[in-house]
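No hydrogens, no waters, no symmetry mates; every other heavy atom, side chains included, goes into these values.
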Amino acid sequence: MGAVDTMEVFFELLNAGDREAAVALMDESTEMRVHVGDSAQTLRGRDRVGGWFLRGDKGLKMIPGDVRDTGNMYETDLVVIRPGAPTQHIDATFRVEAGRITAINLAPR
């Protein structure tokens with residue numbers, strides 16, 4: 001499965017509420033960098049990265065906008081919807097290798 005196919009399945013599962021199946025698409029050594037304000041946090045390993053998604057607000061939705069497919073990289077403008085919170089627009093980059101998500105970078109727009 002290529003980057004676009006993998007990410008389409010990931011968002012479909014995540015948005016349907018099947019977070020465990022979405023996280024199962026991540027490689028064991030997945031890394032995620034989350035930018036908040038002037039700092040960034042890096043999470044390493046499927047347990048930590050996946051936990052970030054599993055602990056997210058109930059009803060969390062991530063809807064990709066324009067997608068740029070650059071081989072094994074999937075870049076998109078994400079709309080993040082969380083009940084009771086303002087909608088967020090973030091820049092997201094996902095690296096996919098052999099059908100597994102290996103790296104995620106989330107940054108505010």
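Counting heavy atoms from C-beta on, the side chains of Leu43 and Trp52 come closer than 4.5 Å. Side-chain contact check for Val79 versus Gln88: every heavy-atom pair is 4.5 Å or farther apart.
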Apply side-chain contact (heavy atoms from CB on, under 4.5 Å) to residues Ile101 and Met7 and explain how you reach the verdict. CA-CA 8 Å; Ile101 300 166; Met7 294 313 303; 3.8 Å; yes
Just do the side-chain contact (heavy atoms from CB on, under 4.5 Å) check on Leu25 and Val23 with the steps written out, would you? CA-CA 5 Å; Leu25 292 172; Val23 167; over 6 Å; no
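Arg95 meets the salt bridge (Lys or Arg N to Asp or Glu O under 4.0 Å) test with Glu97; sequence neighbours excluded. When the ring pair (Phe, Tyr, Trp, His ring centres under 6.0 Å) test is applied to Phe10, the partners found at least two apart in sequence or on another chain are Phe53. In terms of the salt bridge (Lys or Arg N to Asp or Glu O under 4.0 Å) criterion, Arg48 has no residue partners (sequence neighbours excluded). Scored by the side chain to side chain contact (heavy atoms under 4.5 Å, CB included) test, Glu20 finds Asp18, Leu54 as partners (sequence neighbours excluded). Among residues two or more places apart in sequence or in another chain, the side chain to side chain contact (heavy atoms under 4.5 Å, CB included) test is passed with Ala40 by Arg33, His35. In terms of the side-chain hydrogen bond (donor to acceptor under 3.5 Å, both in side chains) criterion, residue partners of Glu31 (sequence neighbours excluded) are, by chain and number, Arg44. With sequence neighbours excluded, the residues that form a side chain to side chain contact (heavy atoms under 4.5 Å, CB included) with Asp27 are Ser29, Thr30, Arg100, Thr102.
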Would you mind writing out the side-chain donor-acceptor pairs for residues 60-70 within the sub-3.5 Å range, not counting sequence neighbours?
from, atom 1, to, atom 2, distance (Å)
Lys61, NZ, Asn15, O, 2.6
Asp69, OD1, Gly71, N, 3.3
Thr70, OG1, Met73, O, 3.4

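Legend: ring-ring contact (aromatic ring centres under 6.0 Å, His included) pairs involving residues 79-109, not counting sequence neighbours, sorted by first then second residue: Phe11-Phe94. Residue pairs meeting the salt bridge (charged side-chain N to carboxylate O under 4.0 Å, His left out) criterion with at least one partner in residues 82-91, sequence neighbours excluded, are Asp57-Arg82, Asp91-Arg109.
Of the residues Asp47, Val49, Thr6, the one that meets the side-chain contact (heavy atoms from CB on, under 4.5 Å) test with Met26 is Val49.
With rounding to the nearest 0.5 Å, the separation of OG1 in Thr42 from CE in Met32 is 9.5 Å.
Smallest separation of non-hydrogen atoms from Pro108 and Ile90: CA-CG2, 4.3 Å.
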